[in-house]
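These notes are about the structure you will find just below.
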Amino acid sequence: MAAAGGDGGAAVAGDGGADGGGGPALSAAPGRAQVFTTVVDTFLEKLVAAGSYQRFVNCYRCFYKLQPQLTRSIYDQFVSQLQASIKEEIQEVKNEGNLEGLFSSLDKVVEEAKDREEPAWRPSGIPEDDVRSAMVPYFLKHRSYLRRVLREKEEENRKVAESVLMGRDRIAELQQLIQARQQAWQAISKEQRELVMTFQEPQ
C-alpha cells in the first residue's frame, strides 16, 4: 500500500513538471526518514499478517478448543509485544547510527544537487584511491569506537582485578586469624593437660 502510494506521488510529480508546476510537487515529496518509517510500518504489517491468528490457532488447536478467549488474549499480547520490541530495536539502530540525521543530510545533498549539471563526486579512475577515500573515514570512526570500548573494558578489568586482590588479602587475613586462634587453642589445651597432670601426680 505504501509503495503504491509512493509511486503515485512520483507520477503526479512528473506530470506537474510537464505542466510547469514541478517545483511544488517535488518539494512535497516524502523525505528519506519518512520513507524509512513507512517501510518499517509496512514490514510490521506484513509480519503480523504472516503470523495470523488463524495460523496461531492451528499451532495450538487443542489449547484453543479449551480456552478460545485466553488463546486470543495470548495472541494479541504476543503480537503487541513483538511489534513493540521490533520498533524499539529499530529505534535503537536509528539512534546509534544517527539515521535521521543522515537521511536529512542526504535529502539536503539531493536538493542541492538538483541544479547541478555534473555530479558532486566522480571516480578518480584509480580504484585504490576511490576505495580509500570512501573507507578510510569509516575505519577511522570505527577505530575510535573500538578504542573507546577498549578503554571501558580495561577500566572494568582493573576494577575486577582490584576486587580480586582485595578478596585475596581478606582471605589471607582470615587464614592468619584462624591460624593464630588455632595456635592459641593448642596452647590452652596444652596448659590444661599439664594442669591435669599436676593434680594427678600426688595420687
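Remember, it's a predicted structure, so these values are computed and weren't measured experimentally. Values below: all heavy atoms of this structure, side chains included; hydrogens, waters and symmetry mates excluded.
Residue pairs meeting the ring pair (Phe, Tyr, Trp, His ring centres under 6.0 Å) criterion with at least one partner in residues 65-95, sequence neighbours excluded, are Tyr53-Tyr75, Phe56-Tyr75. Sorted by first and then second residue, the salt bridge (Lys or Arg N to Asp or Glu O under 4.0 Å) pairs involving residues 166-177 (not counting sequence neighbours) are Arg170-Glu173.
Residue Gln69 holds its CD atom at 10.0 Å from OH of Tyr64, rounded to the nearest 0.5 Å. Between atom OG1 of residue Thr71 and atom CZ of residue Phe63 there is a gap of 4.5 Å, rounded to the nearest 0.5 Å. Atom CG in Leu47 sits 5.5 Å away from atom CG in Leu82 (nearest 0.5 Å). Between the CD atom in Glu45 and the CD atom in Gln83 there is a gap of 9.0 Å [rounded to 0.5 Å].
By the side chain to side chain contact (heavy atoms under 4.5 Å, CB included) test, Ser144 is found to be paired with no residue, residues two or more places apart in sequence or in another chain being considered. Gln182 pairs by the side chain to side chain contact (heavy atoms under 4.5 Å, CB included) definition with Gln186, not counting sequence neighbours. Partners of Lys46 under the side chain to side chain contact (heavy atoms under 4.5 Å, CB included) rule, at least two apart in sequence or in another chain, are Thr42. Scored by the side chain to side chain contact (heavy atoms under 4.5 Å, CB included) test, Leu99 finds Phe36, Val93, Lys94, Leu102, Phe103 as partners (sequence neighbours excluded).
Ser105 contributes a side-chain N or O that, together with a main-chain N or O of Gly101, makes up a donor-acceptor pair within less than 3.5 Å.
Using a 4.5 Å cut-off on side-chain heavy atoms (C-beta onward), Tyr145 and Lys141 make no contact. Using a 4.5 Å heavy-atom threshold, the side chains of Glu88 and Gln91 count as separate.
Salt-bridge annotation for Glu155 and Arg158: present, with a side-chain N of the basic residue lying under 4.0 Å from a carboxylate O of the acidic one.
Shown here for Ala50 and Arg55, the closest heavy-atom pair between the two residues is O-NH1, 2.6 Å.
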Fill in: Arg148 and Glu152: CA distance, side-chain angles, deciding distance, salt bridge (charged side-chain N to carboxylate O under 4.0 Å, His left out) verdict
CA-CA 6 Å; Arg148 178 171 59 83; Glu152 293 176 355; 3.4 Å; yes
